[in-house]
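Taking it in order: structure first as structure tokens, then the write-up.
Treat the numbers as computed from the prediction; the structure is a model and nothing was measured.
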Amino acid sequence: MDALEDYVWPRATSELILLPVTGLECVGDRLLAACLIGDAWKELTIVAGAVSNQLLVWYPATALADNKPVAPDRRISGHVGIIFSMSYLESKGLLATASEDRSVRIWKVGDLRVPGGRVQNIGHCFGHSARVWQVKLLENYLISAGEDCVCLVWSHEGEILQAFRGHQGRGIRAIAAHERQAWVITGGDDSGIRLWHLVGRGYRGLGVSALCFKSRSRPGTLKAVTLAGSWRLLAVTDTGALYLYDVEVKCWEQLLEDKHFQSYCLLEAAPGPEGFGLCAMANGEGRVKVVPINTPTAAVDQTLFPGKVHSLSWALRGYEELLLLASGPGGVVACLEISAAPSGKAIFVKERCRYLLPPSKQRWHTCSAFLPPGDFLVCGDRRGSVLLFPSRPGLLKDPGVGGKARAGAGAPVVGSGSSGGGNAFTGLGPVSTLPSLHGKQGVTSVTCHGGYVYTTGRDGAYYQLFVRDGQLQPVLRQKSCRGMNWLAGLRIVPDGSMVILGFHANEFVVWNPRSHEKLHIVNCGGGHRSWAFSDTEAAMAFAYLKDGDVMLYRALGGCTRPHVILREGLHGREITCVKRVGTITLGPEYGVPSFMQPDDLEPGSEGPDLTDIVITCSEDTTVCVLALPTTTGSAHALTAVCNHISSVRAVAVWGIGTPGGPQDPQPGLTAHVVSAGGRAEMHCFSIMVTPDPSTPSRLACHVMHLSSHRLDEYWDRQRNRHRMVKVDPETRYMSLAVCELDQPGLGPLVAAACSDGAVRLFLLQDSGRILQLLAETFHHKRCVLKVHSFTHEAPNQRRRLLLCSAATDGSLAFWDLTTMLDHDSTVLEPPVDPGLPYRLGTPSLTLQAHSCGINSLHTLPTREGHHLVASGSEDGSLHVFVLAVEMLQLEEAVGEAGLVPQLRVLEEYSVPCAHAAHVTGLKILSPSIMVSASIDQRLTFWRLGHGEPTFMNSTVFHVPDVADMDCWPVSPEFGHRCALGGQGLEVYNWYD
């Protein structure tokens with residue numbers, strides 16, 4: 001606004017006061033934030049921030065009787081950017097302001113209700129990396145939130161006390177606080193609302209402390225460190241001395257000293273509960289020492305190899321079985337069984353078996369874990385492979401163990417020893433191998449939970465695997481937070497969610513993929529030095545070596561952070577695509593609680609006990625699976641797929657069914673999904689949604705990644721790529737359509753509208769596990785915005801599969817895919833060079849429907865055997881026509897394969913000004929009803945079937961910049977549901 005006018009201020013008499021106030025510095029200046037101070041009219045004070053970077057203070061009570069404008073009493077300068085927010089603390093006379101210059105300033109203003117007071121800038125706080133949107137002053141804290149999605153808690157002296165991270169997208173827009181309850185509530189652009197707890201200054205358990213190892217009584221230099229629980233720490237020096245540090249007692253104690261472990265020593269503590277005291281040491285001469293921490297004199301020494309021990313790892317199965325794996329020369333892994341004497345004062349170490357890793361340059365294992373119930377060991381190696389070994393010799397000879405893996409797997413393998421000697425070692429080979437799953441940097445951890453195997457690696461990704469018939473099979477690959485390329489581990493917290501451990505540049509980070517929050521950040525200098533991590537219900541600990549000392553970070557309460565997600569965020573950026581998958585019916589035992597009061601429900605809006613499953617895509621590179629119950633106004637995010645490296649713009653669904661298949665249907669829903677977007681990238685995965693009473697939505701979603709495709713990677717694999725033009729890596733897939741074929745042996749086709757002017761066809765085979773480029777055409781010669789597939793069925797005729805594409809010039813093209821796929825057809829032209837895709841010929845029909853780009857497209861068959869085709873354009877117009885598919889008479893064609901469809905437009909209608917902006921969503925619900933959505937934020941229903949489409953009714957929705965819409969019938973009583981996605985998601989119920 002150009003002036004602060006017509007503001008509303010409540011008085012004791014509940015009157016409304018309208019007062020013009022001017023006094024801005026220059027013409028065209030605007031006010032972006034203001035606050036009202038005072039309890040009575042005479043002391044009312046207005047403080048406003050202008051785009052001129054100044055604060056202006058007015059006293060409306062000084063207005064003269066002639067209603068002349070009131071000039072500002074004071075102008076406060078200091079910021080070098082626009083002021084977005086301010087907060088006044090009357091008890092201390094402080095004013096805080098947040099600005100575009102990424103700073104928060106604290107001003108000593110005294111009592112602002114008294115004109116002419118002195119203003120002093122007492123604090124200049126820099127902590128945000130982007131613009132600061134909101135600020136809130138409390139008695140003991142200052143809270144700010146900004147565009148960097150961080151909420152900072154400051155002291156009044158400008159010290160950062162806490163940092164709340166978890167929101168995604170373009171920032172945190174709103175904050176509220178209750179100091180007595182120690183609550184801070186934030187609302188972000190991701191539509192999420194979170195409640196955080198203030199812990200105040202001096203919160204014990206947070207921070208890094210040095211353990212003061214350097215002493216004359218402790219000679220030598222530290223070489224390795226590990227944690228035995230969260231309150232005991234072990235360290236070894238280059239003199240071979242092993243030391244114990246008790247966090248509660250805060251003192252060092254030497255356990256033993258062995259000169260064999262002087263120059264090179266590995267140190268690993270056994271996993272287990274607090275007080276479980278075992279550790280293992282290994283040296284460069286093949287010797288391994290197992291040390292009981294409580295009785296170090298009972299340590300057991302064994303020489304396993306004639307050369308260097310490359311790695312150590314523990315594998316624990318409950319309290320029943322404990323194994324120690326040691327990697328030696330030539331890829332040999334010795335498996336030691338550790339047991340304790342009945343007195344508990346002695347341990348027994350027995351070599352159970354030896355394994356042999358696949359050949360590689362760096363041939364040693366890095367981690368291991370038992371696969372429940374304990375018949376197999378899952379190991380990761382330095383090559384990046386994940387391997388499955390039998391946990392004991394002769395296991396695969398037992399009937400019923402290992403499934404298909406029993407035939408020829410796990411047999412003894414002879415491998416060479418160290419390169420210098422000619423010794424030969426015999427070891428068990430892996431039952432199953434996923435070679436180089438995590439790339440060349442290696443696997444860092446293996447975790448088994450809930451029937452799945454989770455692995456992390458230094459490629460910045462973590463995998464979800466499962467074992468079927470004794471074979472490892474990848475389910476899903478997920479990326480961690482941006483910049484976190486070294487994943488060090490994965491933990492399952494008590495609430496069932498997981499946290500990821502890793503290194504982000506020189507920081508150790510504990511990251512929650514569900515809440516997208518960095519729970520803990522430790523500036524440790526990177527992961528190339530010796531470090532250790534431990535997490536228990538009591539505390540989390542992270543130890544590392546720095547400057548010749550041991551540094552320890554502890555946080556009470558474990559990995560979890562005491563905050564509450566009041567409403568889960570959906571996407572951090574704009575939603576680009578919305579697609580309904582299907583509906584699940586939940587029985588009374590899975591009752592979904594309602595968050596709406598019965599008095600607020602419209603008649604009939606409660607609907608049937610159904611839950612719609614909807615998929616959304618976004619600019620934030622994620623694909624979300626949502627549950628939308630018809631009985632509530634809530635939306636539950638079931639899972640998010642983060643495989644894309646750029647924005648996701650399109651999604652298509654096919655193969656919708658139920659778990660168990662048609663023979664044994666079970667409650668739930670299954671489907672195959674294809675998503676595509678920027679960088680010419682496409683992914684195929686399957687989802688299975690099943691009832692789960694333990695979750696808030698009463699549903700659980702399991703995702704399995706099947707295949708992926710990128711045009712530039714496809715080009716790199718071609719042998720004659722020097723003769724081809726490389727695909728532009730900035731090519732974007734704008735729209736997808738699945739074309740399900742009825743030919744045996746052929747999977748569905750996926751048609752993609754591409755920004756480089758091409759329409760590409762991909763062939764999915766082996767239930768989506770193989771995705772390859774089949775054909776392409778550059779008929780449109782400009783960006784293709786939409787593709788849509790439909791089928792034509794007529795009596796005594798073959799089922800025809802048709803494809804429609806729309807471009808930025810307003811043209812439509814129709815392609816007959818059935819004829820194209822016939823063996824004797826000439827529509828599919830052979831490629832110019834080997835390795836290139838086939839070329840589509842001339843389309844069956846072209847039509848100029850609009851004068852500019854077509855953003856929405858849909859078809860529907862009619863009772864007469866024709867097809868209704870509707871399109872929406874950037875100029876706000878709608879185009880509807882009736883398309884007839886006519887075949888040649890059977891006696892005129894040579895066999896059924898010789899039939900060629902003739903497409904013809906029977907009727908054609910246009911609505912020039914249907915909307916005031918781009919029409920981005922369009923759906924023909926029935927031959928008589930059509931719905932359209934536009935950027936003008938109107939959802940409009942049209943009557944069809946009597947000439948030109950006629951207006952029925954319209955409603956306003958609240959999602960800005962809507963990019964896509966899907967609409968589906970629920971029941972005759974409930975009507976239809978429309979989901980609109982843009983800068984947010986809105987679901988609208990419509991009753992005919």
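- Taking CZ of Arg567 as the reference point, atom CG of Leu195 lies at 14.5 Å (rounded to 0.5 Å).
- Taking the ring centroids of Trp252 and Phe213, they lie under the 6.0 Å cut-off.
- Scanning all heavy atoms of the two residues, the minimum distance from Ile172 to Thr186 falls at CG2-CB, 3.9 Å.
- Closest non-hydrogen pair, Ser368 versus Cys379, comes out as CB-SG, 3.8 Å.
- At a cut-off of 3.5 Å, with distance as the only test, a side-chain donor of Thr239 or Thr237 sits close to an acceptor on the other residue.
- For the pair Ser391 (side chain) and Gly374 (backbone), a donor-acceptor distance under 3.5 Å is present.
- The closest donor-acceptor contact from the side chain of Ser534 to the backbone of Gly229 lies under 3.5 Å.
- Listed for the Gln162 side chain is a donor-acceptor partner under 3.5 Å among the backbone atoms of His197.
- Listed for the Asp246 side chain is no donor-acceptor partner under 3.5 Å among the backbone atoms of Lys250.
- Taking all atoms of both residues into account, the shortest heavy-atom contact from Val309 to Ala282 is CG1-CB, 3.6 Å.
- Ion pairing of Asp258 with Lys289 is present here, as a side-chain N (NZ or NE/NH1/NH2) and a carboxylate O approach within less than 4.0 Å.
- The aromatic rings of Tyr463 and His438 sit perpendicular, their planes meeting at an angle over 60°, well past the 30° parallel limit.
- For Trp531 and Tyr544, the ring centers are positioned 6.0 Å apart or more.
- Side-chain contact between Met281 and Leu242: present, with at least one pair of heavy atoms (C-beta onward) separated by less than 4.5 Å.
- The shortest side-chain heavy-atom distance between Lys440 and Arg383 does not fall under the 4.5 Å cut-off.
- Inspection of the His520 and Tyr553 side chains reveals an N or O donor paired with an N or O acceptor under 3.5 Å.
- For the pair Asp549 (side chain) and Cys212 (backbone), a donor-acceptor distance under 3.5 Å is present.
- To the nearest 0.5 angstrom, Cys279 atom SG is 5.0 Å from Ile293 atom CD1.
- Once rounded to the nearest 0.5 Å, the distance linking OH of Tyr243 with OH of Tyr245 reads 15.0 Å.
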Open item on the list: Let's go through Gln478 and Gln464 carefully: what are the C-alpha distance in whole Å and the side-chain angles of both, what is the deciding distance for side-chain contact (heavy atoms from CB on, under 4.5 Å) to 0.1 Å, and is it a yes or a no?
Closed with: CA-CA 8 Å; Gln478 295 278 59; Gln464 182 182 7; over 6 Å; no
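- Ionic pairing of Glu337 and Lys350 is not present here: no N-O contact between side-chain nitrogen and carboxylate oxygen is shorter than 4.0 angstrom.
- Counted by atom type alone, Arg102 and His128 present zero donor-acceptor pairs between their side chains at under 3.5 Å.
- The side-chain heavy atoms of Leu322 and Leu278, taken from C-beta on, include a pair separated by under 4.5 Å.
- The main-chain N or O of His260 is found under 3.5 Å from a side-chain atom of Asn283 such that the two form a donor-acceptor pair.
- No hydrogens or angles considered: nothing links the side chains of Asp381 and His365 as a donor-acceptor pair under 3.5 Å.
- Considering Phe164, Tyr141, Trp183 as possible partners of Trp196, the one that fulfils the ring pair (Phe, Tyr, Trp, His ring centres under 6.0 Å) test is Phe164.
- Side-chain contact annotation: Thr456 with Thr444, donor-acceptor N/O pair under 3.5 Å present.
- Ion pairing between Glu248 and Arg232 fails under the 4.0 Å rule for side-chain N and carboxylate O.
- The shortest heavy-atom contact between Cys448 and Leu371 is SG-CA, 4.0 Å.
- Below 30°, between 30° and 60°, or above 60°: for His310 and Trp364 the angle between ring planes is below 30°, a parallel geometry.
- The closest side-chain donor-acceptor pair between Asp459 and Gln441, if any, does not fall under 3.5 angstrom.
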Task: Phe305 vs Val332, side-chain contact (heavy atoms from CB on, under 4.5 Å): CA-CA, chis, key distance, verdict - done: CA-CA 9 Å; Phe305 311 109; Val332 177; 4.0 Å; yes
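- Between the side chains of Asn506 and Asn523, at least one donor N or O lies within less than 3.5 Å of an accepting N or O.
- Listed here is the closest heavy atom pair of Gln302 and Leu336: OE1-CD2, 4.0 Å.
- Counting heavy atoms from C-beta outward, Glu321 and Leu316 have side chains that stay 4.5 Å or more apart.
- The CG atom of Leu227 lies 11.0 Å from the CG atom of Asp535; values are rounded to the nearest 0.5 Å.
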- [ ] Check the pair Ser91 / Glu139 against side chain to side chain donor-acceptor pair (under 3.5 Å), numbers first and verdict last.
- [x] CA-CA 8 Å; Ser91 61; Glu139 287 290 336; 2.6 Å; yes
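- A donor-acceptor contact shorter than 3.5 Å is absent between the side chain of Lys223 and the backbone of Ser530.
- A 4.5 Å side-chain heavy-atom check between Arg194 and His167 finds at least one atom pair inside the cut-off.
- Rounding to the nearest 0.5 Å places CD1 of Ile122 at 6.0 Å from CD1 of Ile106.
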Open item on the list: Set out, in order, the CA-CA distance, both residues' side-chain angles and the distance that settles side-chain contact (heavy atoms from CB on, under 4.5 Å) for Phe376 and Val453, then state yes or no.
Closed with: CA-CA 12 Å; Phe376 294 97; Val453 178; over 6 Å; no
- [ ] Using the side chain to side chain donor-acceptor pair (under 3.5 Å) rule, take Ser215 and Ser217 through it: C-alpha gap first, then chi angles, then the decisive distance, then the call.
- [x] CA-CA 5 Å; Ser215 173; Ser217 62; 3.1 Å; yes
Task: Lys136 vs Glu179, salt bridge (Lys or Arg N to Asp or Glu O under 4.0 Å): CA-CA, chis, key distance, verdict - done: CA-CA 11 Å; Lys136 183 77 173 178; Glu179 191 165 13; over 6 Å; no
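- Side chains of Met484 and Ile500 form a contact here, defined as non-hydrogen atoms less than 4.5 Å apart.
- Side chains of Leu387 and Tyr355 form no contact here, defined as non-hydrogen atoms less than 4.5 Å apart.
- Of the possible polar contacts, one joining the Asp238 side chain to the Thr221 backbone as a donor-acceptor pair under 3.5 Å is found.
- Between Phe533 and Phe508, a ring centre-to-centre spacing shorter than 6.0 Å is recorded.
- Judged by distance alone, the side chain of Asp190 and the main-chain N or O of Gln168 form a donor-acceptor pair under 3.5 Å.
- Put simply, CE on Met551 and CZ on Arg529 are 10.0 Å apart, with the number rounded to the nearest 0.5 Å.
- The side-chain heavy atoms of Val522 and Glu507, taken from C-beta on, include no pair separated by under 4.5 Å.
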Task: Worked verdict on Leu256 versus Gln254 for side-chain contact (heavy atoms from CB on, under 4.5 Å) - done: CA-CA 6 Å; Leu256 58 86; Gln254 182 174 335; over 6 Å; no
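- Pairing each heavy atom of Ile175 with each of Ala145, the nearest pair is CG2-CB, 3.7 Å.
- Without hydrogens or angle criteria, His156 side chain to Leu138 main chain gives a donor-acceptor distance under 3.5 Å.
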